[in-house]
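See below for the structure under consideration.
No hydrogens, no waters, no symmetry mates; every other heavy atom, side chains included, goes into these values.
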Amino acid sequence: MKIEIAHLPHDIIEVIYPSEVTPKDVADYVEQLKKDITARAGKEWSALVDQSKLRVMPSTVVGEMARLNAYAQQRGMMRSARVVVDPGSGLQAWRMTKNAGLTIPAKTFETRAEALAWLEAPDAD
């Protein structure tokens with residue numbers, strides 16, 4: 001299964017991970033997302049990353065995702081919400097965010113609805 005990318009209202013890019021990812025899936029995803037980010041050229045946007053099906057991201061992928069998050073922040077990502085289903089997934093998401101050196105607001109949520117509500121109301125913090 002591939003990593004899905006969708007464009008939502010409120011300038012949100014949604015990423016949905018399948019239960020497993022291959023190196024090719026990740027390479028294709030990184031290439032496509034960088035094209036999507038470049039197409040936004042200077043616009044601010046947020047990310048909704050649904051990792052609820054992917055319990056643990058392979059360690060070989062974590063570094064690549066940290067680099068991609070840093071790239072995204074440098075190119076307009078203003079907020080990042082991750083949907084995780086267990087404490088281990090949440091800890092891994094936190095580590096990846098820390099390794100990326102993100103300075104933007106980034107949170108983990110248990111449901112997509114909670115994450116989306118937080119991204120759609122940035123002044124509610």
Side-chain angles (χ1 to χ4, degrees):
M1 299 178 96
K2 293 188 174 202
I3 300 169
E4 297 176 44
I5 301 172
H7 300 272
L8 306 179
H10 305 283
D11 293 314
I12 297 170
I13 295 176
E14 181 176 27
V15 175
I16 303 169
Y17 282 87
S19 58
E20 295 179 12
V21 293
T22 67
K24 179 165 179 14
D25 294 336
V26 172
D28 291 347
Y29 159 66
V30 168
E31 180 181 343
Q32 183 58 52
L33 191 59
K34 283 185 174 182
K35 286 179 185 176
D36 290 356
I37 291 169
T38 300
R40 292 179 176 269
K43 292 182 183 176
E44 294 182 350
W45 54 280
S46 295
L48 171 57
V49 181
D50 186 340
Q51 293 178 231
S52 60
K53 294 177 189 168
L54 182 66
R55 300 281 183 205
V56 178
M57 189 175 289
S59 59
T60 56
V61 174
V62 173
E64 183 71 24
M65 293 303 104
R67 287 186 292 279
L68 182 59
N69 273 267
Y71 176 91
Q73 178 178 276
Q74 293 169 352
R75 288 161 181 82
M77 183 172 70
M78 299 306 294
R79 293 164 69 86
S80 177
R82 294 193 178 278
V83 179
V84 298
V85 293
D86 58 46
S89 298
L91 181 59
Q92 188 177 51
W94 176 82
R95 282 188 192 132
M96 189 278 310
T97 300
K98 183 178 177 186
N99 291 343
L102 296 185
T103 57
I104 60 169
K107 289 187 175 185
T108 57
F109 297 88
E110 292 181 0
T111 69
R112 180 185 182 275
E114 292 171 321
L116 192 55
W118 180 72
L119 291 173
E120 290 176 341
D123 296 330
D125 283 336

Do [X] and [Y] belong to the same hydrophobic cluster, where Ile, Leu, Val, Met, Phe, Trp and Tyr are linked whenever their side-chain heavy atoms lie under 4.5 Å apart, directly or via other members?
X   : Y   : answer
V21 : I13 : yes
V84 : W94 : no
V30 : V61 : yes
V62 : L54 : yes

Locate the shortest heavy-atom distance separating [X] from [Y]; write the atom from each residue and the value.
X    : Y    : value
S46  : L119 : CB-CD2, 3.7 Å
A66  : A100 : O-CB, 3.2 Å
M78  : P105 : O-CD, 3.3 Å
I104 : R79  : CD1-N, 3.8 Å

Find out whether [X] and [Y] are in side-chain contact, i.e. whether some heavy atom of one side chain is under 4.5 Å from a heavy atom of the other.
X    : Y    : answer
P18  : I3   : yes
E44  : D11  : no
R75  : I37  : yes
K107 : W118 : yes
L48  : V15  : no
I16  : V49  : no
Y29  : I5   : yes
R67  : N99  : no

Rounding to 0.5 Å, atoms NE2 (H7) and CH2 (W45) come to a distance of 10.0 Å

What's the separation between atom CG in L116 and atom NE2 in H10, rounded to the nearest 0.5 Å? 7.5 Å

Between [X] (side chain only) and [Y] (backbone N and O only), is there a donor and an acceptor less than 3.5 Å apart?
X   : Y    : result
N69 : M65  : yes
R40 : M77  : no
D25 : T22  : yes
Q73 : T103 : yes

Can you list the steps and then say if V83 with T111 is a side-chain contact (heavy atoms from CB on, under 4.5 Å)? CA-CA 6 Å; V83 179; T111 69; 5.6 Å; no

Can you see whether Y71 has K34 sitting over its ring - NZ or CZ less than 6.0 Å from the centre and within 45° of the normal? yes

Please check if the number of heavy atoms outside E114 that lie under 6.0 Å from its CD is greater than 12. yes

Just checking E110: does its CD atom have more than 12 heavy atoms from other residues, nucleotides or ligands closer to it than 6.0 angstrom? no

Flag for D28-Q32: side-chain donor and acceptor within less than 3.5 Å: no

Is R112 paired with E14 through a side-chain N to carboxylate O contact shorter than 4.0 Å? yes

